[in-house]
Amino acid sequence: AAALCAGIALALLSLRFARRTTAVALGLGLALPLAIDGDVTPRLVAEQVCLWAGPIALVLGLLLVPVATETARVHALLAFAALISLQLFPRPDLIHVAMGGPSVLLAAGAVLHHLLRRPSGRRARYGPSLRAAAAALVVLLCAARVYPALRARLGEPLVSLELGPRAPLVVAAPYQPEQRWLGDAARAIAARAAPEDAVFYFPDLAGLGFLADRPSPFFYVYFVPGRPDRAGERRTLDELDRFSPVLAVTGAPRVPAFAGADDYFTGIASYLARRYGPPAPFGEVDLRRRVADP
């Protein structure tokens, strides 16, 4: 859906210059994800295009479609899509932004349909000032949501974290001390588990598996209280017996949504206490080695 929105946004832009370029622009937008290989830089650029495609399509629709009786449904879709999108935009992971893709797609498609057909010539009930004000409001809200993260990124010096080749991360300099534990934990995991060994991360530490290049062959990779549910917890317990991970990596949740995971997933907490040795602290996490089977 995000890729379709990117194509529609390009098509709407082209309508200001030449109608015949609409199909070409739409095709280029839809083909963009298909042209991306495994290289990190093109993929990140494409994700940024998709991230901004929704707001661009909505703003263009608000600017280009006159407010009249015949366009009431189009503007209703634009308003609905704007509300949904601004709740999700911008999220650090594209999958959350993509959840607003269907509504943006419908709104952008309605705008495109209206602009491609011949206008009836009915007089708009409101002038362009109302449309401009609505578009400016969307832009202002988008900018307000982006500003906190963008201010630190543009206004503070950036430094690289020592996390190894799998994650060349940069953070604002003031946050470097509190993030240094990521590299310490990743190196400790890599030193204590072979590449083919399974490692269990609980409740929200699966990212360390990527940093350390140690697999986590479980169906659930994070544990928000209630998601997975009790059936998911039983499945995880079965997988713990089947895979017998050599290490369990645990730590206090750093995201409020994961708070109370130990109290909710009592079966997993009991299993870890019973089958794994005492915790060895490494920064913000504990490493527990599996004890011999009874």
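All values below were derived from every heavy atom in this structure, side-chain atoms included, with hydrogens, water molecules and symmetry-related copies excluded. The chain is numbered in sequence order, starting from 1.
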Roughly how far, to the nearest 0.5 Å, is [atom2] of [Y] from [atom1] of [X]?
| X | Y | atom1 | atom2 | answer |
| --- | --- | --- | --- | --- |
| S85 | F80 | OG | CZ | 9.5 Å |
| L83 | L88 | CG | CG | 11.0 Å |
| L78 | T71 | CG | OG1 | 9.5 Å |

What pair of heavy atoms forms the shortest contact from [X] to [Y], and how long is it?
| X | Y | result |
| --- | --- | --- |
| E178 | W181 | O-CD1, 2.9 Å |
| A81 | S103 | CB-O, 3.6 Å |
| L205 | F202 | CD1-O, 3.7 Å |
| I189 | R214 | CG2-CG, 3.9 Å |
| P203 | G251 | CD-O, 3.3 Å |

In terms of hydrophobic clustering (I, L, V, M, F, W, Y; side-chain heavy atoms under 4.5 Å; direct or indirect links), are [X] and [Y] co-clustered?
| X | Y | result |
| --- | --- | --- |
| I268 | F218 | yes |
| V249 | F200 | no |
| L272 | L247 | no |

Tell me whether [X] contacts the main-chain N or O of [Y] through its side chain, where contact means a donor paired with an acceptor under 3.5 Å.
| X | Y | answer |
| --- | --- | --- |
| R290 | S244 | no |
| E233 | G267 | yes |
| R289 | G277 | no |
| R131 | L63 | yes |

Stepwise ring-ring contact (aromatic ring centres under 6.0 Å, His included) check, Y201 with F258
CA-CA 13 Å; Y201 304 92; F258 292 86; over 10 Å; no

May I have the list of side-chain donor-acceptor pairs in residues 206-213 shorter than 3.5 Å, sequence neighbours left out?
none

Apply side-chain contact (heavy atoms from CB on, under 4.5 Å) to residues L161 and R180 and explain how you reach the verdict.
CA-CA 7 Å; L161 294 178; R180 190 176 289 116; 5.7 Å; no

Just to verify, what does R187 make a salt bridge (charged side-chain N to carboxylate O under 4.0 Å, His left out) with, not counting sequence neighbours?
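R187 satisfies salt bridge (charged side-chain N to carboxylate O under 4.0 Å, His left out) with D184 once adjacent residues are dropped.
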
Scan the side chains in residues 236-243 for donor-acceptor partners under 3.5 Å anywhere in the protein, sequence neighbours excluded, and list what turns up.
residue, atom, partner, partner atom, Å
T236, OG1, G232, O, 2.9
E239, OE1, F219, N, 3.3
E239, OE2, R235, NE, 3.3
D241, OD1, Y271, OH, 2.8

